[in-house]
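Letters go in sequence order (proteins before strands), and every chain restarts at 1.
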There are 4 protein chains.
Amino acid sequence: MAVRVVIVGQGLVATHFAVGLERIKAGELEPYGVPLARYKLPYRIEDLEIVGSYDVDEEKVGRSVYEVARRLVGDILPVPETLKEIVVRRGIHLGSMVGLPFKVKGLEEELGSTKAAIERLVDEFKEMRPDVVINAATTEPARAFNSVDALLEAIERDDRDRLSASHAYAYAAYLYAKETGRKVVFVNVIPSPLARDDAIVALYEKAASLVLGDDGATGATPLTADLLEHMAERNRYVLSIAQFNIGGNTDFLALTVPERNKMKEETKSSVVKDILGYDAPHYIKPTGYLEPLGDKKFVSMHIWWKTFNGLEDELVVNMRINDSPALAGLLVDLARIGKALLDRDVKGTAYPVNAFFMKDPGPRGSRNKARIRAYYDMLQYLRELGVIEES
Amino acid sequence: MAVRVVIVGQGLVATHFAVGLERIKAGELEPYGVPLARYKLPYRIEDLEIVGSYDVDEEKVGRSVYEVARRLVGDILPVPETLKEIVVRRGIHLGSMVGLPFKVKGLEEELGSTKAAIERLVDEFKEMRPDVVINAATTEPARAFNSVDALLEAIERDDRDRLSASHAYAYAAYLYAKETGRKVVFVNVIPSPLARDDAIVALYEKAASLVLGDDGATGATPLTADLLEHMAERNRYVLSIAQFNIGGNTDFLALTVPERNKMKEETKSSVVKDILGYDAPHYIKPTGYLEPLGDKKFVSMHIWWKTFNGLEDELVVNMRINDSPALAGLLVDLARIGKALLDRDVKGTAYPVNAFFMKDPGPRGSRNKARIRAYYDMLQYLRELGVIEES
Amino acid sequence: MAVRVVIVGQGLVATHFAVGLERIKAGELEPYGVPLARYKLPYRIEDLEIVGSYDVDEEKVGRSVYEVARRLVGDILPVPETLKEIVVRRGIHLGSMVGLPFKVKGLEEELGSTKAAIERLVDEFKEMRPDVVINAATTEPARAFNSVDALLEAIERDDRDRLSASHAYAYAAYLYAKETGRKVVFVNVIPSPLARDDAIVALYEKAASLVLGDDGATGATPLTADLLEHMAERNRYVLSIAQFNIGGNTDFLALTVPERNKMKEETKSSVVKDILGYDAPHYIKPTGYLEPLGDKKFVSMHIWWKTFNGLEDELVVNMRINDSPALAGLLVDLARIGKALLDRDVKGTAYPVNAFFMKDPGPRGSRNKARIRAYYDMLQYLRELGVIEES
Amino acid sequence: MAVRVVIVGQGLVATHFAVGLERIKAGELEPYGVPLARYKLPYRIEDLEIVGSYDVDEEKVGRSVYEVARRLVGDILPVPETLKEIVVRRGIHLGSMVGLPFKVKGLEEELGSTKAAIERLVDEFKEMRPDVVINAATTEPARAFNSVDALLEAIERDDRDRLSASHAYAYAAYLYAKETGRKVVFVNVIPSPLARDDAIVALYEKAASLVLGDDGATGATPLTADLLEHMAERNRYVLSIAQFNIGGNTDFLALTVPERNKMKEETKSSVVKDILGYDAPHYIKPTGYLEPLGDKKFVSMHIWWKTFNGLEDELVVNMRINDSPALAGLLVDLARIGKALLDRDVKGTAYPVNAFFMKDPGPRGSRNKARIRAYYDMLQYLRELGVIEES
């Protein structure tokens, strides 16, 4: 019983997802980094099948995922031959790569309007019949619409400044679901607000579909959340938090552009007040780009607090984390869980799932919570729905 | 409605407890480091009243807690005058300080037998009428009896090698409870197995009393537990864990004696398998004594793991932690919760409380779990018993 | 034999200098952090005498250094009463504090022109008769002139955009030296290029005076220099260097203004190529402002390299450093050495001294070198000049 | 002009040395980690030729270095076929591997006496004609003799408790030099005192030969030396130093045996007083064995100090270091330098070389100094002797 997956943005995350998935299927890789690998879900990892891929980079469009993977991770990983069958299609750009050193061209440029591009996507989706569309594109500037009318109007007007590529893809997937009656899960692991956009959630609800998001929680932020919960539970008074991130992948390069950085800073900072209950002074943001670090970012964090008797304690965390594989591992479960939720008629969005997997969980206005709490709350939610079967 | 507390071991932990408590009562200190300070419990922090103190150090016996506190923490904290009223009494030694550079003498030496010493304690307890006895002595070698007969026999035979001071105090408190009908909570925050000793738990159950323990969870171990849970929830495969601890207080000095170190190593290591589900190779133990660090220990931890696609990530944690205040803050809640549990007829031991507060939670054979899980499980347990009142 | 010192910029550095100096004179403080305290110099620390202070902050002008010190460091240090005698005078602003949340007013605003302000300074200097003028103002945007004519013209035209306050002070001190025949040392420990400005060095040479600078080397940069030298000496191939700095003092606040940050980044980055011999990719700059950290900044550094057989090693350094006292300690020696060099007819600037004490040593075009090398080279230089007497 | 090298102890260090050397010769590896690779020495790296190898491990004796290397580093490095020609010979044991989980047998056991074993070595050396003998065996308990007579007597009496394998090898190399008139360099990179043993130095002087040692300085100790020098030059008062080391190679396994650990602790601790000028409290020793870390050890270091105005600063260093390649890189230069010194009639030992390359530099009673100083002092020494040619 296959779960058909289309990927948007054939960068490092999507490539690690594709390579890892095929290696697991081939029995040559343990599913480390896949959170629920030890539980019995309705869909096995082996059930996932990548049926399509989109990008706007001229170096990728028209190439197979195999070729892209060889170039991106061929030096550190074996790339399965099965990926030769998936060809990267031209997707929507809408300025999402502006300012980055890549030659890009979007469907909307080719076809003359965003609306035409969306229609093309819908046609292609009808042919590929995805159950899951995963948005793993590069961080882009984007704002929520919160009103369906406003969203539709922006598309109608072809307002390329207001519209983000993420919104266009999400809208295309919605149309596909509505027109075919095939439910779809849109998994958004970048900061663009989709699961936090009332408009998108309303549309997906109407199509008995599901949007999960936003901004996949890997690396430093979920760890910070758990560390702050650790402090809060002991009533330690956090004096300040500094968190630096530096890496050499496209996402870090993108974040040297100030407005993208801001996108990230917001999703990262919300954990502090949500978990501690007060807005401890903090500096939490992607800090810089340093090419040789590649995808294995360096993170440094400093937290200090008042303990009993007013004395001060101090904690420093340093990490080297493979950025993209961490997120790719989450995608394996997000796709499986998403499809299982659709089967159980869950629609709109699913906060208990978002709360564990996402930095900024939808729907709009939702609180961040410590990941460890979110994990157990999610397990219970999935058990109640029968998504996790007790062994 | 006072909660009457007797302290065993007037070292840094007990002194921080006494000083911090009096400062909170005087309104000059926020209760940071007291985990449940934000919840409404049946007993307020202000209800705690220290009515007695024991030690075997000739430098302390006969002096007031004020004098002891001035010497131990007078350079970094104001010492409340109210502590002048509590005089340190001579307690039981049973070799617990052997090998350390202190001049000590136990009641059993003064009175000729351990049994006589225990009887003296019972008499004094009858006079002081404690609700709570807190054991915060220096780490000592100790083994569980698990059989009440074996324990009684060791006392009868005055077997000073087999008996630990902790057991003697716990037994004295039990006798006091049984003979007076006043229930008592024995809070054991050192590694000696009491809440994990079937014999002690059985006796306390008989006296409608409660033993909470063992080994208060502060500093590196609970943080390690939460970090490992963080890994486990993402199915990251932990390759190894190294954790170093070095400090300059009496406890670190004590741990330079190998058999004491072993006591600590065991309570620290059990977290790994309990939380990860496999026994990842680890080196977790107090590493050394370095006098200038004083009570503010230095901790360094290295954890690395396999993530998705078999790649390796790495985490290093460094801390400077005030060892004793962290534990003292827990005592504030342990005393209040313990008394509230007694009021609700809880007896023997209380795993949900131990699981959060202790490194090696009783009863015998209990699992360690991530502190964040333990915290919420404890909150629920306390809510169901009405110990935490919903606001 | 007093060495008379005037301070420019009565901020944290100058205040630590003043407080520490008076405490050392009073015999209540060991001269830790004063590099050459263990050597016998022609002037003892006790010979230093602060005779004047300048600032443009309305909160400071007209107050005594004692009052300023009570406010800035009174919570952590005893402030000597002797500082009551030094009153902060109004200095030159020239936009050096623009964009910072302080109410400021410069002499040039009061007197109508920069030239008039400089003349006022010269008059005051003639009255105070300094041997040493120390520039410890907040980091400001500034560019070298390199031509005496261009500098004079900028003053003449009152070109407040082109002129920096640092240049105005340095010029005033030069005029004072020239007009009185009293030699002067201008010690510049901020990034403004003075010892690297050919114009300033030429003027000082003409007045038989000395400018030492630029940008006092404390904290992370000199340590980085020594770490890189450590790598270079083992022919380890450095793959990249990341260095983060975050703090809560005025200097960090100032560096949130991009053009100031750039001033700092340049002086910090030059170490890499100068020491390694190749420009290893690096990210080295003040990263952020976090108020609770105060003057004790947090530094995190990541360096990795190829070792023998092409394998990779990795180093992470984390620090908590009191920013201002570190620099204040250097001032003690810079003032003493500077005066001793004047006595020995050294003029212009003195590279061997700058190379150890400064992040960006003058004269223009000078190389950075590992501090440990610079230290021994400086010792030899000072020995040859008889500034260090062999014991 | 070949430099003929015999290796004692075909463990990880010797194997990295052999593999790296052949890869450099084959032009497939840059000589990173070879300190003087950038200088022109009388012997090029390519001139080094390994002509023999000794071990006592039954798994190695009789096998080729190629086979040993495949097993030890074959998973991370390509192993050159040229190593098939060197066969590991049986060497002297003298208890050096007692307590470790290896099946070993020494020549002295095979031949009946240590003297016979030494004679066998001398015969083999005569056949292999080494210029350099490198001792890279596992850390063993060993004590200096300091008297030639005492050494000779121990050999004569076959006193296997008193004699170390290192002494036996060094003595054999001496006899070979004396009997053939071929000078030899004995390079000792393990803690056994040879260059610090007056007896060994005297014998080598007599044979116009050279012993360099002891205990190759890689990893944490030379870095600590440079960090302490950094503190000393700023007159910072170091309050304490903690340094932890943990790894998974044979050397760390060996150091779980207390008396071996002691060997290491001594060579590591001597840096503190030598560099700071006072014995700052410290804990510096190999801390534990953790198998998965393999040869890439984890090091954590904590240093804090008093800075100006009596305030306290703090530094933490964490490293992951490939232990054996670092030492192997030094061997490349030690062999080349050693031979060049022989050519220039240097004999006995050479402190300026030892001071940079060794943790505990001979001759007996020599001071440790900061590596950066030692480096420049060595350069000057080598320049004066013409070993480094100016380019």
Side-chain angles (χ1 to χ4, degrees), chain A residues 16-17 19-20 23 29-38 73 76-77 218 222-223 226-227 229-230 232-237 277 295-296 299 304-322 324-332 356 370-373 375-376, chain B residues 16-17 19-20 23 29-38 73 76-77 218-219 222-223 226-227 229-230 232-237 277 295-296 299 304-322 324-330 332 356 370-373 375-376:
Chain A
H16 270 288
F17 174 66
V19 169
R23 293 177 71 202
L29 184 71
E30 293 289 323
Y32 298 135
V34 178
L36 302 186
R38 295 175 303 173
V73 300
I76 54 168
L77 290 178
T218 61
L223 185 66
D226 283 346
L227 289 172
E229 172 78 18
H230 187 89
E233 291 180 2
R234 281 150 190 83
N235 200 32
R236 294 167 179 174
Y237 184 72
D295 194 46
K296 198 169 182 180
V299 178
W304 60 319
W305 62 88
K306 277 201 184 299
T307 183
F308 192 66
N309 249 329
L311 297 175
E312 291 172 6
D313 292 342
E314 203 160 10
L315 168 77
V316 173
V317 175
N318 293 118
M319 297 196 279
R320 281 301 300 277
I321 299 276
N322 289 280
S324 305
L327 190 44
L330 301 190
L331 294 181
V332 172
F356 177 70
R371 297 299 130 170
I372 292 185
R373 288 191 68 183
Y375 179 78
Y376 286 100
Chain B
H16 270 287
F17 173 68
V19 169
R23 292 177 71 203
L29 184 71
E30 292 290 324
Y32 298 135
V34 178
L36 302 186
R38 293 174 304 174
V73 299
I76 54 167
L77 291 178
T218 61
L223 184 66
D226 283 346
L227 289 171
E229 172 78 17
H230 188 89
E233 290 180 2
R234 282 149 189 85
N235 199 33
R236 295 169 178 171
Y237 184 72
D295 193 45
K296 197 168 182 180
V299 178
W304 60 318
W305 62 87
K306 277 199 184 299
T307 182
F308 192 65
N309 249 330
L311 297 175
E312 291 172 6
D313 292 342
E314 204 159 7
L315 168 77
V316 173
V317 175
N318 294 117
M319 296 196 279
R320 283 299 301 278
I321 299 276
N322 289 280
S324 304
L327 190 43
L330 302 189
V332 172
F356 176 70
R371 297 298 129 172
I372 293 186
R373 288 191 69 183
Y375 179 78
Y376 286 101

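- Looking at heavy atoms from C-beta onward, R373(A) lies in side-chain contact with I372(B) at the 4.5 angstrom threshold.
- With respect to chain A, the highest number of heavy-atom pairs below 4.5 Å among R320(B), R234(B), R236(B), E312(B) belongs to R234(B).
- With respect to chain B, the highest number of heavy-atom pairs below 4.5 Å among A370(A), A37(A), G310(A), A328(A) belongs to A328(A).
- Between R371(A) and E233(B) the shortest heavy-atom distance is O-OE1, 3.7 Å.
- Looking at residues two or more places apart in sequence or on another chain, you find a salt bridge (Lys or Arg N to Asp or Glu O under 4.0 Å) between R23(B) and E28(B).
- Within the 4.5 angstrom heavy-atom criterion, no atom of L36(B) approaches chain A.
- For chain B, no part of V299(A) is nearby; none of its heavy atoms comes within less than 4.5 Å.
- The residue among F356(A), W305(A), F308(A), Y237(A) with the most heavy atom pairs within less than 4.5 Å of chain B is F308(A).
- One distance of note links NE2 of H230(B) with CG of L223(A); it measures 4.5 Å at 0.5 Å rounding.
- Atom NZ of K306(A) is separated from atom CG of N322(B) by 10.5 Å, given to the nearest 0.5 angstrom.
- For a residue to count as touching a neighbouring chain, one of its non-hydrogen atoms must lie under 4.5 Å from one of that chain's; by this rule I321(A) touches chain B with backbone and side chain alike.
- Expressed to the nearest 0.5 Å, how far NE2 of H16(B) lies from OG1 of T307(A) amounts to 9.0 Å.
- For W304(A), no part lies near chain B; criterion is any non-hydrogen pair under 4.5 Å.
- Considering N318(B), V316(B), V317(B) as possible partners of V317(A), the one that fulfils the side-chain contact (heavy atoms from CB on, under 4.5 Å) test is V317(B).
- Using a 4.5 Å cut-off on side-chain heavy atoms (C-beta onward), Y376(B) and E229(A) make contact.
- Looking at L327(A), there are no atoms closer than 4.5 Å to chain B (heavy atoms on both sides), in backbone or side chain.
- Partners of E30(B) under the side chain to side chain contact (heavy atoms under 4.5 Å, CB included) rule, at least two apart in sequence or in another chain, are Y32(B).
- The candidate with the highest count of non-hydrogen atom pairs below 4.5 Å against chain B, out of V73(A), I76(A), L77(A), is L77(A).
- Each of A326(A), P222(A), P31(A) has some count of heavy-atom pairs under 4.5 Å with chain B, and the biggest count is that of P222(A).
- Heavy-atom pairs under 4.5 Å with chain B were tallied for V19(A), L227(A), T218(A), L330(A); the largest tally goes to V19(A).
- Contacts of L29(A) with chain B are made by side-chain atoms alone, with heavy-atom separations under 4.5 Å and no backbone atom involved.
- Closest of all the heavy-atom pairs between G20(B) and N309(A) is CA-OD1, 3.3 Å.
- For chain B, the option among D313(A), D226(A), L311(A) with the highest count of heavy-atom pairs below 4.5 Å is D313(A).
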